[in-house]
Peer 1: 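Here it is: the structure, laid out below.
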Amino acid sequence: MKLSELKPVHTARIEAVGGEGALRQHFLDMGVIPGAEVTTIKFAPMGDPMELQIHGYELTLRIADAEKITITPLEQKQTSDSDRRDRKNTEHPGLGEEGRFHLKGDGDPLPEGTKLTFALVGNQNSGKTTLFNQLTGSNQHVGNFPGVTVDRKDGVIRGHSDTLITDLPGIYSMSPYSSEEQVSRNFVLNEKPKGIINIVDATNIERNLYLTMQLLEMDVPMVVALNMMDELRGNGGTVDVNTMEAMLGVPVVPISAAKNEGVDELVQHAVHIARYQERPLEQDFCGAEDHGGAVHRALHAVAHLIEDHAARTGLPLRFAAGKLIEGDALIAAQLDLDQNEQEMLDHIVLQMEKERGLDHSAAMADMRFDFIRKVCDACVVKPHESKEHLRSQKIDRILTGKMTAIPVFIAIMALVFYLTFFLIGPFFQDLLAGGIEALKQLVEQGMTAVNVNPTIQSLVLDGIFEGVGTVVSFLPIIVILFFFLSLLEDSGYIARVAFVMDKLLRRIGLSGRSIVPMLLGFGCTVPAVMSTRTLPSERDRRMTILLTPFMSCTAKLPIYGFFVSAFFPRQSWWMITGLYLLGILTGILAAFVFKNTLFRGEAVPFVMELPNYRFPSPRNVALLLWEKARDFLHRAFSVILVATIVVWFLKSFNFRFDLLEDSHESILAAVSGLLVPIMKPAGLGDWRIVTSLVSGFMAKESVVSVMETLFRDGVTSIGAVSAASMLVFSLLYTPCVAAVAAIRRELGRGWAVCVVLWQCGIAWIAALIVQLIAHFVGLT
Ligand code: GDP
Ligand code: MG
């Protein structure tokens with residue numbers, strides 16, 4: 001029977017996993033291995049993908065992929081309570097107690113002054129970023145979506161100035177499946193950190209240890225941080241840390257990153273193992289008795305075979321042997337075996353497959369999970385069905401329910417936008433604008449009192465206050481939108497959106513995972529583009545990056561606010577909603593074009609973990625908002641201020657540097673005038689509009705500040721039709737410099753230039769269409 005035929009909620013044992021290559025390896029790495037028990041939970045509202053439970057966590061899988069998995073249905077699910085054992089009161093170090101696992105004691109430390117570099121490695125959503133924030137005191141972006149950390153972040157551990165810790169992307173294994181896994185693997189292999197801090201989610205220990213085992217093979221000093229102990233204990237579970245240390249051969253420190261418990265002790269251990277270079281004592285996890293010892297013998301044989309190659313290339317031996325058996329082409333190329341050796345390897349692997357009755361990848365994954373089972377049996381008292389999990393299931397009944405999921409999604413997004421743009425946002429915006437106006441009058445009075453030169457007065461009042469002031473007054477709206485987006489992300493909801501929307505997104509050639517960059521794009525294109533690195537296929541990644549600029553970012557809000565309040569105050573709700581929808585719609589159209597031209601082929605499989613819902617930590621959210629606000633203000637007082645001053649200067653003088661009354665003869669009018677003929681058909685043939693749009697390339701907010709400087713008698717003179725064209729053009733034209741730079745980093749210069757050009761082209765056409773419509777309905 002196929003897994004896809006198993007109705008929810010039923011349990012089955014996996015018999016065989018079909019498919020091939022990297023995808024299949026990914027299945028295996030996620031624990032979908034022959035012999036594992038799997039329970040179907042539900043289908044997504046549109047019938048695809050499906051949600052499964054395996055090794056105690058939730059996973060999504062498309063029907064097409066589930067068809068490749070053969071199962072035998074089981075009568076009933078083995079309840080986890082039946083194998084609970086009473087080891088509550090064994091003596092072992094708990095949160096923050098002194099662990100005792102050090103063998104070298106104070107043997108030969110690294111020389112004084114050596115920089116102790118650490119890699120922070122762990123599964124997605126295990127709390128890496130939270131721990132990183134605790135360790136470094138810095139404010140990194142934390143989210144409850146698998147894989148929010150997409151860029152490397154470094155920081156010094158507080159109180160240890162000779163350390164440097166790097167927060168790596170969350171990964172499930174050391175196979176190069178997504179570009180994040182490659183980043184993490186290469187970091188450990190090439191940059192050779194002095195130590196690894198492996199963060200393990202104690203509530204999800206079975207799956208998390210899979211990565212741990214591969215890290216141990218890297219032969220780098222390591223300490224395991226057993227995170228989320230608060231949650232585990234709260235549900236009646238516990239871990240015998242001493243036994244686990246003995247079995248894994250590295251220090252294990254129970255911590256709670258969110259509550260800052262046990263973190264100091266973790267640091268002590270980490271510094272110790274790095275300074276004394278205490279390598280893992282255990283790397284040999286294959287048992288001579290397990291299933292006749294086939295895997296054991298194969299691994300050791302291959303290790304002997306390649307010993308010299310591994311030493312020469314500097315690859316850790318056990319790791320290299322394991323990856324060779326798994327068929328990892330990158331490692332094989334690096335080791336550069338000669339033909340005889342390659343043939344011996346093939347024979348060893350063939351023999352192992354024959355004896356074990358599983359293919360090479362499945363046999364390796366099975367060996368690892370076997371060992372994990374032993375560790376868990378010996379050290380872990382499983383918790384009751386956790387409160388958090390039960391709560392998540394209840395919430396999911398509505399948020400991913402068949403009838404409710406999509407209406408709820410629409411309602412939530414509508415609520416977010418309503419609160420941001422019409423309820424809370426404008427209230428604070430008015431307050432702030434009032435404050436700025438009051439300040440402006442004060443400054444004006446002051447300057448008049450001391451007789452400041454009128455040119456300077458005009459610069460300060462018309463240029464800086466009007467321009468930068470208007471932009472700054474949008475700060476509240478922007479912060480509030482980010483607040484809601486981070487709540488959605490941090491709580492775990494966005495992962496559900498990906499699950500629910502996968503089928504729809506496949507119609508336009510993408511997978512559910514692409515929804516994350518898209519939603520982040522409503523905040524800012526830069527992090528959105530960066531977050532595409534979580535996507536495992538290059539094709540999906542490129543396509544998603546090209547589509548994110550269509551999601552209207554917060555920096556465009558001042559433009560909308562400015563024009564809508566000047567021209568369409570009665571229809572503001574419809575205008576702004578319409579603009580957002582127009583952006584999305586254009587994106588969908590573009591996706592269809594891409595799908596049938598540049599990016600033919602299928603979207604990647606959708607294998608993703610669905611984390612429990614968690615209350616976002618107020619500290620994390622507050623830090624994020626502070627970061628965004630600081631960023632915005634920084635831009636307002638750097639790029640936008642400079643742009644405003646430059647524009648003010650160019651419009652106030654002519655080529656002979658005479659101060660002008662009428663800016664129509666200014667330098668600016670002459671230069672911008674060159675572009676006017678091109679923009680005329682689109683209804684934007686006014687040099688002042690052209691200037692503001694050009695300045696918007698630096699930062700979108702400066703469109704407004706420049707407009708304020710150039711239209712002294714009010715912007716209404718351009719007319720409502722031009723204003724509509726302007727809105728549409730601003731929505732669609734080139735992303736700002738920062739976003740283009742991010743795109744260049746991800747896709748290269750050629751693509752970045754293409755994005756700029758083609759977005760401008762689309763915007764121009766859209767503005768032209770606005771003009772034509774206005775013409776035909778008789779408005780012009
Ligand atoms: P990352 O994806 O590995 O970087 O994980 P994050 O740091 O983004 O954390 C994922 C989620 O787990 C967030 O909602 C955190 O608030 C939460 N979290 C992190 N550490 C702990 C912990 O020790 N206890 C509990 N209960 N929650 C935690
Ligand atoms: Mg993170």
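One-based numbering, in listed order, for ligands and for the atoms of each.
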Peer 1: For the residue pair Val200 and Asn227, establish whether any side-chain heavy-atom pair is separated by less than 4.5 Å.
Peer 2: no

Peer 1: Please indicate whether any nitrogen or oxygen in Lys259 is less than 3.5 Å from any nitrogen or oxygen in ligand 1.
Peer 2: no

Peer 1: Classify the side-chain pair Asn208/Tyr172 by whether it contains a donor and acceptor separated by less than 3.5 Å.
Peer 2: no

Peer 1: Checking the N or O distance criterion of under 3.5 Å, is ligand 1 in contact with Asp230?
Peer 2: yes

Peer 1: Do any nitrogen or oxygen atoms of Ala258 lie less than 3.5 angstrom from nitrogen or oxygen atoms of ligand 1?
Peer 2: yes

Peer 1: At a 4.0 Å cut-off, with the gap strictly under it, does some heavy atom of Gly122 reach an atom of ligand 1?
Peer 2: no

Peer 1: Mark up the atoms of ligand 1 that fall under 4.0 Å of a heavy atom belonging to Asp490, in ascending order.
Peer 2: 14 (O)

Peer 1: Evaluating non-hydrogen atoms only, which member of Glu388, Lys128, Met228 is closest to atom 12 (O) of ligand 1?
Peer 2: Met228

Peer 1: I need the Met518 CE to Thr548 OG1 distance, nearest 0.5 Å.
Peer 2: 7.0 Å

Peer 1: So if I count the atoms of ligand 1 from 1 in the order they appear, which ones are less than 4.0 Å from some heavy atom of Asn227?
Peer 2: 20 (N), 21 (C), 22 (C), 23 (O)

Peer 1: Pick one of side chain, backbone, both or neither for how Asn125 approaches ligand 1, counting any non-hydrogen atom pair under 4.0 Å.
Peer 2: both

Peer 1: Does any N or O of ligand 1 fall below 3.5 Å from an N or O anywhere on Phe615, backbone included?
Peer 2: no

Peer 1: Within 45 degrees of the ring normal and closer than 6.0 Å to the centroid, is that where the cationic atom of Arg513 sits relative to Phe499?
Peer 2: no

Peer 1: Output yes when Lys387 and Glu231 qualify as a salt bridge under the 4.0 Å nitrogen-oxygen rule, no when they do not.
Peer 2: no

Peer 1: Just jot down the side-chain hydrogen bond (donor to acceptor under 3.5 Å, both in side chains) partners of Tyr57, sequence neighbours excluded, or say none.
Peer 2: none

Peer 1: Is the shortest side-chain N to carboxylate O distance from Arg391 to Glu388 below 4.0 Å?
Peer 2: no

Peer 1: Which atoms of ligand 1 sit under 4.0 Å from any heavy atom of Glu231?
Peer 2: 26 (N)

Peer 1: If the condition is side-chain contact (heavy atoms from CB on, under 4.5 Å), which residues does Tyr418 pass it with, not counting sequence neighbours?
Peer 2: Phe422, Leu423, Trp573

Peer 1: What atoms of ligand 1 come closer than 4.0 angstrom to any heavy atom of Ser256?
Peer 2: 22 (C), 23 (O), 24 (N)

Peer 1: For ligand 1, which atoms, with element, lie under 4.0 Å from some heavy atom of Thr130?
Peer 2: 6 (P), 7 (O), 9 (O), 15 (C), 19 (C)

